[in-house]
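Here is the structure we will look at, set down as structure tokens.
Order of listing sets the numbers, starting from 1, for every ligand and every atom in it. In what follows, every heavy atom counts, from backbone to side chain, and hydrogens, waters and symmetry copies are set aside.
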Amino acid sequence: MDRRNFIKTTSAAATFTMANDLVSLPEYNSGQSQANTGETPWYRRVTRWGQTNITEKDPLHYDIGWWRRYWKETAVQGIIVNAGGIVAYYPSAIPLHMQAEYLEGRDLFGDICKAAHQDGLAVFARMDSNRAHEEFYKAHPDWFAIDSGGNPYKAGDLFITCINSPYYNEHIPSILTEIATLYKPEGFTDNSWSGLGRDSICYCGNCRKSFRDRTGLEIPMSADWDNRAYREWIRWNYNRRLEIWDANNRTTIKAGGRFCIWSGMNSGSLIWQSESFRDYREICRRAEIIMLDSQARSDAGGFQQNSDTGKLIHGVLGWDKLVPESMAMYQAGKPTFRMSSKPSAEARMWMLEGIAGGIQPWWHFVGASHEDRRFYKTPGPVFLWHKVNEDYLINRKPVATVGVVWSQLNADFYGRDEGELMVELPWRGITQALIRARIPYIPVHADDIDREAAGLKLLILPDLGVMTGNQTEAVRRFVKNGGGLIATGKSSLYNEWGDRRPDYGLQDLFGTHFIHTDNKSADSSFRKKASATYHTYLRLSPELRKNTDGPAGVNEPDVNGTRHPVFAGFDHTDIISFGGLLDQLKTDETAEVLMTFVPQFPIYPPETAWMREPKTTIPGLIINNVPGCGNIAFMPADLDRQLAKSNLPDHGNMITNLVRWASKENIPLIVECPGLLDCNIYTKPNNLIIHIVNLTSSGTWRQPVDEYIPVGPVRIKVRLPDEVKGMTLQLLVSRQTIPYTINQGWAEFTINSVTDHEVVVI
Ligand SMILES: [Zn+2]
């Protein structure tokens, strides 16, 4: 029996063991598993959601009849309805649970909930806890977060409640109980359940006492990642959020029955999860469903960020569970206009990329009536297509030979206050290089390497600075079993607290050793330097310059010879632009240095732009030959971060070449066609599913996209699983069956044209 299938019981108890340990998982009662009842709970069945995020003015004119028709038109099976928290949308008997300003006694939540239930829809009661009005603050000043000066934290006119106070232990549970008892919603979600973020330390009496009891320390006066108290404070905060998660579930299940779960809300950004003390892996181990609040793309991350997020969450949640995502139909992102339509091409592409990564669509409007009515037309086509084809879009397993490794510990203790720079950029560079090359990948949590290893041929550590001993051991096992490895930047150089080790944790695999310079100041300066772009280069070895290729020059080649396959396509250059800085390292005899660092020299004025030190022995890329192991590349040069920053094709192509070499060309998909395509493969018991999303339009300029550029013909070769015998090949978007040939276990076929996306079912 899969533990994930067990249902939490009211007797489940979360307990603290040690200050440094995460809160232990709630107990599960195998006697109450859904498998035993034969009943599929709503959170496994409802795959399309809708949300009209109610404003305080809406109760005056909320047109439930219109919205009921709209639910039907868009084929949603569940809705998210504002219930309580900061303000109540029903007549609440809980003291200080203030009614929405224009509610005027109406039971709006109750009316909508009833209508949805009559229409056979599931209802997620949406809470928004963590802030309150002044009246509440005056009644319970000790329930609110306090800054180091003794003043309450505020957001506008509202006061911010403290996560360690009776507001979370008593007030919110009493509201959850009241709503569950009165209205029987299927479950609860909460917009800002995790309280104050990392940038605001609370010094209220509750926090001070709790922290002292758990750790014997005082709450730190400032953020200092080298201070033990601050590090313990980070862990203590994570633990508290897990306690809240478990406690709220106990409350709602007790009041609303065993399927009445509470499922907070989580972000699509790992960095934001870290800044909010939400441990994604631990939350996913507890959650039956992840409610994802990730409404639009950033220019930097692109639409592909959404499929990446879906795969990352499913990797720790399980692919049998659902991850609906709030998708803004209004102009969300940069800039935000709550009341006007997002160009439908932009909104649609975000939805499609989510679906490609295993996310379920959830339309989201702010307010219940709008003067810009164009966006009501946006979700319908995607939702209706989803309804027809959902069998192929959920409950499937990804097929990929490349795993990109992540951990929240790394986001915290390597990322520190520069999570975007230190953690997100290398991730984005690697994943973007893979997408450019149409190489399917899955995100792999660093604690799950053993579990995922069987299907993978290559692990990539994108500047994964912080690694625990268990994690480096798992990588070592993978490589000793013949798996390939690419590690970049300062991977494995830091322990779980972010303290530098004497040498790389994986020094034996890298064949490379860190040379001690001085101390902490070197570490902090390298963080600062990572944000700048320097006029530096990498020299490829051996050099190939021939007289026929260009004029004789100042930097004469040392050697002419045959190049390593990782330099395919670079025949006419001996250097590539870099942008970062590198330090001297020591390499073993088994290691081959394929790229060396060229230090910076002036750009301006042009007369000064010549290499002062054209050749060094500082390694930028090392291949280590370890008998019995897979192919290993260690690239101290952070080409991943540079690609994310500067988008230079050389950086992407070099990463792709490394991936092909280190995986021994073991990539299950070949897609030939110009354009930027995000390609993902999944399996179900009788099917192979390929989802291709055409991102070419978004690649041409900044957001928003307002028209699509079709690409094609798209020639595809996909490796078939062994058991495939006879087959048909169906396209779910253009609704046709197409011919194919089979050649040595690979299916080959051509799709004439892809406008926004296509799903191939074999
Ligand atoms: Zn506090």
Side-chain angles (χ1 to χ4, degrees), residues 14-16 18-23 85-86 94-98 127-176 190-225 227-248 251 262 264-265 272-279 282-283 412 417:
T15 49
F16 259 93
M18 291 161 53
N20 279 356
D21 285 348
L22 290 167
V23 174
I86 299 172
I94 309 290
L96 294 165
H97 190 203
M98 282 184 58
M127 301 285 293
D128 200 341
S129 22
N130 116 326
R131 293 167 204 186
H133 290 279
E134 187 166 13
E135 190 187 337
F136 198 147
Y137 170 71
K138 284 185 170 154
H140 293 287
D142 54 329
W143 290 14
F144 288 80
I146 303 295
D147 68 18
S148 59
N151 301 308
Y153 280 105
K154 289 184 74 175
D157 290 339
L158 300 176
F159 292 75
I160 297 179
T161 52
C162 174
I163 193 97
N164 283 298
S165 76
Y167 178 88
Y168 284 89
N169 294 331
E170 295 164 22
H171 182 69
I172 293 297
S174 65
I175 294 173
L176 295 173
D190 191 324
N191 193 45
S192 44
W193 62 278
S194 55
L196 265 187
R198 194 171 75 192
D199 57 356
S200 308
I201 301 179
C202 178
Y203 297 91
C204 80
N206 294 309
C207 284
R208 287 208 308 264
K209 181 174 185 316
S210 165
F211 188 66
R212 203 181 293 133
D213 289 350
R214 299 283 160 85
T215 67
L217 300 167
E218 293 302 321
I219 291 178
M221 290 312 288
S222 62
D224 175 0
W225 292 90
N227 174 0
R228 186 182 150 223
Y230 187 69
R231 294 170 171 185
E232 295 285 0
W233 180 79
I234 297 284
R235 292 265 174 108
W236 170 77
N237 270 294
Y238 271 115
N239 279 331
R240 177 60 182 158
R241 273 62 181 183
L242 294 177
E243 279 186 336
I244 296 270
W245 188 282
D246 294 338
N248 284 345
T251 299
W262 177 97
M265 224 177 267
W272 183 249
Q273 289 289 98
S274 281
E275 289 172 353
S276 310
F277 302 117
R278 300 171 188 163
D279 184 323
E282 287 300 319
I283 285 172
D412 289 328
D417 297 321

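- In this structure Arg231 satisfies the salt bridge (Lys or Arg N to Asp or Glu O under 4.0 Å) test together with Asp226, Asp499, sequence neighbours excluded.
- Inspection of the Ser129 and Asp190 side chains reveals an N or O donor paired with an N or O acceptor under 3.5 Å.
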Which donor-acceptor pairs under 3.5 Å do the side chains of residues 131-138 make with protein atoms, sequence neighbours left out?
from	atom 1	to	atom 2	distance (Å)
Glu134	OE2	Lys138	NZ	3.4

Side-chain donor-acceptor contacts of residues 139-147 below 3.5 Å, not counting sequence neighbours, with atom names and distances?
from	atom 1	to	atom 2	distance (Å)
Asp147	OD1	Gly149	N	2.9
Asp147	OD1	Gly150	N	3.0
Asp147	OD1	Asn151	N	2.9

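- Trp225 and Asp417 share a side-chain donor-acceptor pair at under 3.5 Å.
- For the Zn ion (ligand 1), the neighbouring protein N/O/S atoms at less than 2.8 Å, given as residue and atom, are Cys162 SG, Cys202 SG, Cys204 SG, Cys207 SG.
- With hydrogens and angles left out, the side-chain atoms of Asn239 and Arg235 include no donor and acceptor closer than 3.5 Å.
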